[in-house]
Amino acid sequence: MAACGVGLLTRLSLRAQRSQVQCPLRRLLSCPGTVAADLRREEQSSGSAETGSEDRTPKKRFSEVQNERRGQAQRTVLIHCPNKIDEKKFLKFLSQHGPINSHFFYESFGLYAVVEFCQKESVTSLQNITRTPSLGPEAAIPFKSRYFNLKLRNSSNQTSELSSIQCSNQSSPSSKKLYQLLCCAESVDDQLNTLLREFQLTEENTRLRYLTCSLIEDVAAAYFPDCAVRPFGSSVNGFGKLGCDLDMFLDLDEIGKFSAQKTSGNFLMEFQVKNVPSERVATQKILSVIGECLDQFGPGCVGVQKILNARCPLVRFSHQASGFQCDLTTNNRIALKSSELLYMYGALDSRVRALAFSVRCWARAHSLTSSIPGAWITNFSLTMMVIFFLQRRSPPILPTLDYLKTLADAEDKCIIEGYNCTFVRDLNRIKPSGNTETLELLLKEFFEYFGNFAFNKNSINIRQGKEQNKPESSPLHIQNPFETSLNVSKNVSQSQLQKFVDLARESAWILHQEGKDRPSPSSNQPWGLAALLLPSVANNVSLSKKKKKPASERIKNLLDSIKSSGAENSTATNGRRAISTRA
Ligand code: GTP
Ligand code: MG
């Protein structure tokens, strides 16, 4: 890697790199073709709110990003540091083991450093000079991990010349800060892009997620030496919000693969293995052992719960040092494929993630989603609804999954557990959409579309991109894109769906009214997305209206007013289309 030659100390802290978006030095130091370079490209393109003018630079495949991130994580160490530390001396000390590619600090019940070496061997060298602590009356269970504790030998000498360390922020902005940012924005489009920028996973947070998986992999490898622990879900699909959980799965597929390929002649060698009655029992046994390992020996893993009787058995735990709530499953290749599909949809058009983030934040602000499992709609389902809605635009902003399948070549072919999960994986082979609708219009019409969707008879289906008859009676039916007989929103109750519909109608109405009479930025009134997101504001709006009329009557009146003004405004200028209601 080019950066390895830069010198004794790390090239630049990631934080410093991020603060110099336009700086030529930063460009000089970026390694073309690396994940970091991609991120900068994304930052530059996601900064523009224009639509229909997508970045044409080649985009990386999901698998390429995954592999690069995985390699990067394997060369990285996590160090719990004293609260006061001399950054230069610290890096000089570490670079005795080899050149450092990048580093950053963050705070989470103490100060932590994430340090990426240029070579894996440097990690081994550092491990070789590291001792197991002696804890007085307590006993330590020795474990040579990549999670270290740094102590100062002569702390009084070392603290005298300290300059403060810049820490990377790992959390999303407070409601107050968000409110200010949204109110200062120039347009609703600007608001949606601001929300995306503030809530999306940062480069540092993403690195920490891959590193956490890699550290868990080290523990699991004690039992299964060739295993991999891979992140999936919102940590990797582009729709993750700072603070979201870390979904990971234990991949045992590589074990024994090579020996099968190398056999020749009349003999075939097989491993002696234990047999169990079913795949599910095997999963439960494996997770039970790994859960036990994490609980007993996993540095920094606390609150380990083995939830083995769930439909999808899992081990849930907190990784203290990173602050992530982790869900570990096994054999979850279909979920990884769903993550790849969502990643592709998110990367195809800059409006997709901006719209999905706003809808997800809107749902959270109104308690339509929750971190506790229950009858609520999930973020995954909401993202599928956004994708479906964007497939239904004219012209479509996103292609259907069936279309992506027609673009696939032989190498893209993918069958998992008998399900055809084939679609084109090279983003550059998909033509960008000619649709130039603004985010403001899309947000308004999203609420209107689902405020009037015939949920009682129709199913949402991103494979075909059109409404289908519901095959079963669940209130909300969203077809699983790969396991097509399954409904990803089977858990959603009628009352939760109704709440979603009522809020969607109300939000469509608020945006529509505002289009006619927007408060001036100096008035300090919440407007646009801010008016929809802040729960107190939304509640006040609903309460003041509820005093006047029952909700059903009010919503009916609102829709009537939208319909009539829709007809009036159907020839509206300035590129905005009037709202039309669907029966
Ligand atoms: P957040 O964690 O809420 O940010 O979103 P997430 O997309 O990570 O959702 P979640 O943690 O609930 O699930 C992780 C991943 O599992 C999802 O991204 C999907 O790939 C998959 N998944 C979740 N729910 C379902 C479901 O009902 N059916 C299927 N097939 N896959 C699901
Ligand atoms: Mg998740």
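Atoms within each ligand, like the ligands themselves, are counted from 1 in listed order. Fair warning: this is a prediction, and the values are worked out from it, not measured in the lab.
Side chain of Asp409 to backbone of Asp412: a donor-acceptor contact under 3.5 angstrom is found. Distance alone, capped at 3.5 Å, is enough to place a donor-acceptor pair between the His366 side chain and the Leu532 backbone. Checked by atom type and distance alone, the side chain of Arg505 pairs as donor or acceptor with a backbone atom of Gly451 at under 3.5 Å.
Looking only at protein heavy atoms, the nearest one to atom 30 (N) of ligand 1 is Asn480 ND2, 2.6 Å. In terms of protein heavy-atom proximity, atom 5 (O) of ligand 1 is closest to Arg360 NH2, 3.4 Å. Nearest non-hydrogen protein atom to atom 17 (C) of ligand 1 is Phe380 CD1, 3.8 Å. Distance from atom 28 (N) of ligand 1 to its nearest protein heavy atom, with residue and atom name: Val488 CG1, 3.7 Å. In terms of protein heavy atoms, atom 2 (O) of ligand 1 is closest to Asp245 OD1, 2.8 Å. In this structure, atom 18 (O) of ligand 1 lies nearest to the protein heavy atom Gly233 CA, 3.3 Å. At the top of the distance list for atom 3 (O) of ligand 1, counting protein heavy atoms only, stands Asn379 ND2, 2.9 Å. Protein heavy atom in closest approach to atom 7 (O) of ligand 1: Ser234 N, 3.7 Å.
Under the side-chain contact (heavy atoms from CB on, under 4.5 Å) rule, Ile290 has a single partner from Leu328, Asp295, Thr330, Val219, which is Leu328.
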message: Run the ring pair (Phe, Tyr, Trp, His ring centres under 6.0 Å) test on Phe389 and Phe446 for me, step by step, so that the C-alpha distance in whole Å, both residues' side-chain angles and the decisive distance to 0.1 Å come before the verdict.
response: CA-CA 7 Å; Phe389 165 74; Phe446 173 87; 5.6 Å; yes
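Counted by atom type alone, Arg207 and Ser102 present one or more donor-acceptor pairs between their side chains at under 3.5 Å. Gln66 and Arg230 form no side-chain donor-acceptor contact under 3.5 Å, judged by distance and modelled atom types alone. Using modelled atom types, one finds a donor on one side chain and an acceptor on the other under 3.5 Å when comparing Ser171 with Asn169. For Arg360 and Thr383, the side-chain atoms include at least one donor-acceptor pair closer than 3.5 Å.
Per-residue contacts place Cys244 under 4.0 angstrom from the following atoms of ligand 1 (heavy atoms of the residue considered): 4 (O). Applying the 4.0 Å criterion to heavy atoms of Ala335 picks out, from ligand 1, the atoms 20 (O).
Between Asn420 and Lys405, some side-chain heavy-atom pair lies under the 4.5 Å cut-off. When side chains are defined from C-beta on, Gln191 does not count as touching Glu440, because their heavy atoms never get closer than 4.5 Å.
Among the atoms of Asp247, some N or O lies under 3.5 angstrom from an N or O of ligand 1.
Near-neighbour remark for the Mg ion (ligand 2): protein N, O or S atoms under 2.8 Å are Asp245 OD1, Asp247 OD2; waters not counted.
The heavy atom nearest to atom 15 (C) of ligand 1, considering only Phe482, Phe232, Phe239, is found in Phe232.
When the side-chain hydrogen bond (donor to acceptor under 3.5 Å, both in side chains) test is applied to Ser381, the partners found at least two apart in sequence or on another chain are Thr378.
Residue contacts with ligand 1, taken as heavy atom pairs separated by less than 4.0 Å, involve Ser338 solely via side-chain atoms from C-beta onward.
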